[in-house]
Amino acid sequence: QVETFSDPSEITAAIEESVVAHTLSDVPLGVLLSAGADSAVVASRLAQATDPKLVSAFTISFADAGPEVEDEQPVAAEIARRLGFESRSAEVSSVELGEGLDPYFDCMDQPTVDAMNTFFAARLVKAHGLKVALVGTGGDELFGGYSNFRRAPFLASSRGFAAQFGAGLARAAGLKLAFNVEKLRWLSRQRGSLVGTYLVLRGRMEPEQVARAYDCDVAQAQQVVDG
């Protein structure tokens with residue numbers, strides 16, 4: 001059953017109801033906290049629903065992520081401070097990341113590239129003896145927080161496609177750009193479809209690559225990619 005909300009206050013009430021329901025526990029609570037709005041909203045509601053002194057905020061950073069990846073720990077620590085939570089963090093090295101791959105894949109219920117940070121954060125929670133931790137997972141998907149939600153309408157337009165076509169040609173010529181030729185080919189088949197363009201932005205493999213990997217025809221792969 002899917003609920004629909006027409007008033008922002010209904011969304012606020014639903015979030016508060018959900019957070020309160022998850023505080024009905026006789027054990028210490030944790031919250032996985034990043035620099036994003038989704039986990040910050042959950043954390044702020046949690047601070048109102050229970051004694052902040054009983055809550056620990058957990059944040060993960062990656063030591064060798066590179067300068068293009070933002071370290072969310074300082075912002076998360078400031079959010080925790082303002083809410084009155086104890087802030088606990090851990091920095092995952094490239095060695096720890098490599099050693100954690102096998103147990104990470106063992107714990108996965110389906111392929112994803114978005115759960116590695118959650119996996120290490122959950123380990124951190126367990127290391128501190130907690131069994132319950134709230135998360136903000138899904139907030140960006142529900143409320144359009146990711147930049148791809150803003151990029152998709154532009155790319156679905158003819159002007160956006162022309163811009164990416166030029167970027168794709170430049171990449172083919174050896175320039176380092178974010179949009180590769182394979183994705184450009186995939187994007188060209190979307191014919192202005194907003195949903196299709198979003199799938200191109202979020203997808204890791206185009207239908208032809210999926211077909212080769214699973215030994216099926218491209219039409220079947222396209223159905224899988226399109227959901």
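Side chains are part of it too, since the values below use all heavy atoms of this structure and drop only hydrogens, waters and symmetry mates. Positions are given from 1 along the sequence.
Ion pairing between R82 and E78 holds under the 4.0 Å rule for side-chain N and carboxylate O.
T197 contributes a side-chain N or O that, together with a main-chain N or O of S193, makes up a donor-acceptor pair within less than 3.5 Å. Remark: side-chain polar atoms of D64 are paired, donor with acceptor, to backbone N or O of S94 under 3.5 angstrom. Under the 3.5 Å distance criterion, the side-chain polar atoms of S93 are left unmatched by any main-chain donor or acceptor of A63.
With F120 as reference, F62 is the one residue of F62, F58, Y104 to meet the side-chain contact (heavy atoms from CB on, under 4.5 Å) rule.
Listed here is the closest heavy atom pair of V135 and L32: CG1-CD1, 3.2 Å. The two residues A47 and P52 come nearest to each other via the heavy atoms O-CG, 3.8 Å. Contact detail for G100 and F119: the closest heavy-atom pair is O-CE2, 3.8 Å. Taking both residues in full, the closest heavy atoms of L46 and G30 are given as CD2-O, 4.4 Å, listed atom of the first, atom of the second, then distance. Between M116 and L101, the shortest heavy-atom contact is CE-CD2, 3.4 Å. The two residues V92 and L97 make their nearest non-hydrogen contact at CG1-N, 3.9 Å.
Cluster membership for V19 and V132, using ILVMFWY side-chain heavy atoms within less than 4.5 angstrom, is shared. Residue V20 is not grouped with residue I15 when hydrophobic side chains (ILVMFWY) are merged at heavy-atom distances under 4.5 angstrom, including chains of intermediate members. Residue L194 is not grouped with residue L199 when hydrophobic side chains (ILVMFWY) are merged at heavy-atom distances under 4.5 angstrom, including chains of intermediate members. Clustering ILVMFWY residues whenever any of their side-chain heavy atoms sit less than 4.5 angstrom apart, transitively, puts V95 in a cluster other than the one holding L124.
Distance check, rounded to the nearest 0.5 Å: OG of S44 to CD of E16 gives 8.5 Å. The CG atom of L33 sits 11.5 Å away from the OG atom of S56 when rounded to the nearest 0.5 Å. Here K131 contributes atom NZ and K126 contributes atom NZ; the two are 8.0 Å apart, rounded to the nearest 0.5 Å. Between the CZ atom in R123 and the CD1 atom in I60 there is a gap of 10.0 Å [rounded to 0.5 Å]. With rounding to the nearest 0.5 Å, the separation of CZ in R88 from OG1 in T59 is 12.0 Å. Taken to the nearest 0.5 Å, the OG atom of S39 stands 7.5 Å off from the CD atom of E72.
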Practice problem: Go through the steps for D38 and T137 under the test side-chain contact (heavy atoms from CB on, under 4.5 Å), then give the verdict. | Solution: CA-CA 7 Å; D38 46 6; T137 305; over 6 Å; no
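Donor-acceptor pairing under 3.5 Å is recorded for the side chains of R45 and Q48. Side chain to side chain, T23 and T50 fail the donor-acceptor criterion of an N or O pair below 3.5 Å.
Residues P28 and L54 fail the side-chain proximity criterion, which asks for heavy atoms closer than 4.5 Å. Taking the side chain as every heavy atom from C-beta outward, Q220 and D217 approach each other to under 4.5 Å.
For E208, the CD atom is densely surrounded, since the number of other residues' heavy atoms within 6.0 Å is greater than 12.
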